[in-house]
> 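Take a look at this one; I'll ask things after.
Each ligand, and each atom within it, is numbered from 1 in the order the structure gives.
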Amino acid sequence: MPGPSPDGATRMTDVKKLFVKTYGCQMNVYDSERMAEALGAKGYVTTDVVEEADMVLLNTCHIREKASEKLYSDLGRLRALKAERPGMKVGVAGCVAQAEGEEILRRSPVVDLVVGPQAYHRLPAMVEGGGRVVDTDFPVEDKFTLLPERKALRGPTAFLTVQEGCDKFCAFCVVPYTRGAEVSRPVARLLDEARGLVMQGVREITLLGQNVNAYHGEGPGGSWGLARLVRELAKVEGLARIRYTTSHPNDMDDDLIAAHGDLRELMPYLHLPVQSGSDRILKAMNRKHTAESYLRLVDRIRAARPDILLSSDFIVGFPGETDADFRATLDLIRAVGFGAAFSFKYSARPGTPAAEKPPVAAEEADARLQELQGLITAQQHAAQEAMVGREVQVLYEKTGRKPGQMVGKSDHLHAVHVEHPEGRVGQLQRVRVTASAANSLAAEPVGPAS
Ligand code: SAH
Ligand code: SF4
Ligand code: F3S
């Protein structure tokens, strides 16, 4: 029961409220959870209502210009709110914080603190210290060991960062600058974190890294690759499903491909960004693979796991991209047959090599993006249609909008709505797919998961 406690312990009036907004990739989602936990240890509870917040934390993304601009439009809106709530603190975290640092304080008087992705374990101290501060160091200590223990926040699924940063330096990309060099977390810590999550009811873990399949963490007997880590995690009692993202084609080694064939816990879905189907553009992008080597890789993966569903990322309008280059990308998409894909219009990012080159005309890039997305949408629908009539397994994540409805993901990562009044969140269920809608499947329960 809330109310004052005689021994001076935390009273409801002492509780401070934290509002977190997360932009960008899944690693930012993971980081936001960890920052909320770190501030939780200092008496902050999270709220969904920004107007009642004592602290607002914006965890930002720098990947494209539009993503970065969102920060400044949100800060503009926070100005009015802070005028009414002068005690409210505003923090900027994530990749824009790393890229722009002090500049954010200069541009935006409402901001109290700026913290980069490698420094957020020091956030509680920054908040308590007061004043306007910036911390974008890449410290030598491991931030993860200094953070409080994980809480399972999103029901039966959780993210687990195993690797961070990137040494690939694709010509368009800011990540090697905002996240720094590749660093892998040690095996023992990851197993501990995974076991802790499973004890709290998590049944599916998605391993995260900007280059997750470049994982090379310290483990018993030396350096472990991702496949070995996945094989060890698959032994954790109660962990039913493992996924990982995002992979680079050049780091898909034989052991990882084999793991897709022989580990039932490793889900048949792989996000494998290719960016372009033109060798000339891939070279200019510094991707270090060709369209042909990507297609051969897809063949090997499908030989190990024939029903695997592949997704990808594409950039259209990279500097110098001709119509013929773009046609080569469409050819690659037709040759692979993707179950899903993200596609972006090239955005010049300050400090990256490609930003120096003359851009493709915006109308041209827009038209290409539309055509590519049309093809991808058709492939996505075909992949969904192919599921109708089949039995799949779904992990229930929440109840649906309609009474008696459960919602979850299939092994192939399709969102599935199931009419199942007896269903429970966290249950792994065998269902038969009855229909395919725009972005999800409908299904009926068949029995418990095998
Ligand atoms: N580590 C992953 C993806 C990182 S960013 C990889 O290696 O592919 C996610 C996606 O954003 C990229 O795959 C790319 O398609 C897109 N992206 C990155 N920089 C971009 C830019 N400057 N303009 C447009 N899209 C970009
Ligand atoms: Fe960016 Fe390339 Fe690294 Fe992916 S591999 S994070 S696209 S530099
Ligand atoms: Fe964005 Fe940083 Fe992730 S730039 S995509 S939040 S690594």
> Sort by chain and number the protein N/O/S atoms found under 2.8 Å from atom 1 (Fe) of ligand 3.
Cys61 SG
> For the side-chain contact (heavy atoms from CB on, under 4.5 Å) test, which of Val92, Val115, Val111, Leu105 pairs with Val134?
Leu105
> Parallel under 30°, tilted from 30 to 60°, perpendicular over 60°: which one fits the rings of Phe338 and Phe314?
perpendicular
> Can you tell me if Asn59 and Tyr120 form a side-chain donor-acceptor pair at under 3.5 Å?
no
> Once you round to the nearest 0.5 Å, how far does CG of Asp255 lie from CH2 of Trp224?
11.0 Å
> Do Arg368 and Glu364 sit within salt-bridge range, that is, some charged N less than 4.0 Å from a carboxylate O?
yes
> Should the ring pair His289 and His248 be called parallel, tilted or perpendicular, given that the plane angle runs from 0 to 90° and is split at 30 and 60?
perpendicular
> Go through the steps to decide whether Gln118 and Glu164 satisfy the test side-chain hydrogen bond (donor to acceptor under 3.5 Å, both in side chains), and finish with yes or no.
CA-CA 10 Å; Gln118 303 305 341; Glu164 216 178 328; 3.0 Å; yes
> How would you list, by chain and number, the residues with a heavy atom under 4.0 angstrom from ligand 2?
Cys166, Lys168, Phe169, Cys170, Phe172, Cys173, Val175, Pro176, Asn211, His248, Arg287
> Can you list the ligand 3 atoms lying under 4.0 Å from a non-hydrogen atom of Gln210?
7 (S)
> Note down each nitrogen or oxygen pair, ligand 1 side and protein side, whose separation is under 3.5 Å; give only atom names and the distance to 0.1 Å.
| residue | atom | partner | partner atom | Å |
| --- | --- | --- | --- | --- |
| ligand 1 | 1 (N) | Gln210 | O | 2.7 |
| ligand 1 | 8 (O) | Gln275 | NE2 | 3.3 |
| ligand 1 | 11 (O) | Arg64 | NH1 | 3.0 |
| ligand 1 | 13 (O) | Gln275 | NE2 | 2.8 |
| ligand 1 | 13 (O) | Asp313 | OD2 | 2.6 |
| ligand 1 | 15 (O) | Gln275 | OE1 | 2.7 |
| ligand 1 | 17 (N) | Arg64 | NH1 | 3.4 |
| ligand 1 | 22 (N) | Phe172 | O | 3.0 |
| ligand 1 | 22 (N) | Ser347 | O | 2.8 |
| ligand 1 | 23 (N) | Ser347 | N | 3.0 |
| ligand 1 | 25 (N) | Arg64 | NH1 | 3.3 |

> Could you tell me which residues satisfy ring-ring contact (aromatic ring centres under 6.0 Å, His included) with Phe144, sequence neighbours excluded, listed by chain and number?
none
> Given Leu113, which partner from the list Val90, Ile104, Val127 fulfils the side-chain contact (heavy atoms from CB on, under 4.5 Å) test?
Val127
> Taking side-chain hydrogen bond (donor to acceptor under 3.5 Å, both in side chains) as the criterion, tell me which of Gln393, Arg241, Arg243 meets it with Asp411.
Arg241
> Verify whether one side chain among Ser68 and His62 offers a donor that lies under 3.5 Å from an acceptor in the other.
yes
> Is any side-chain heavy atom of Glu33 closer than 4.5 Å to one of Arg150?
yes
> Kindly say whether the aromatic ring centers of Phe169 and Tyr177 come within a distance under 6.0 Å.
yes
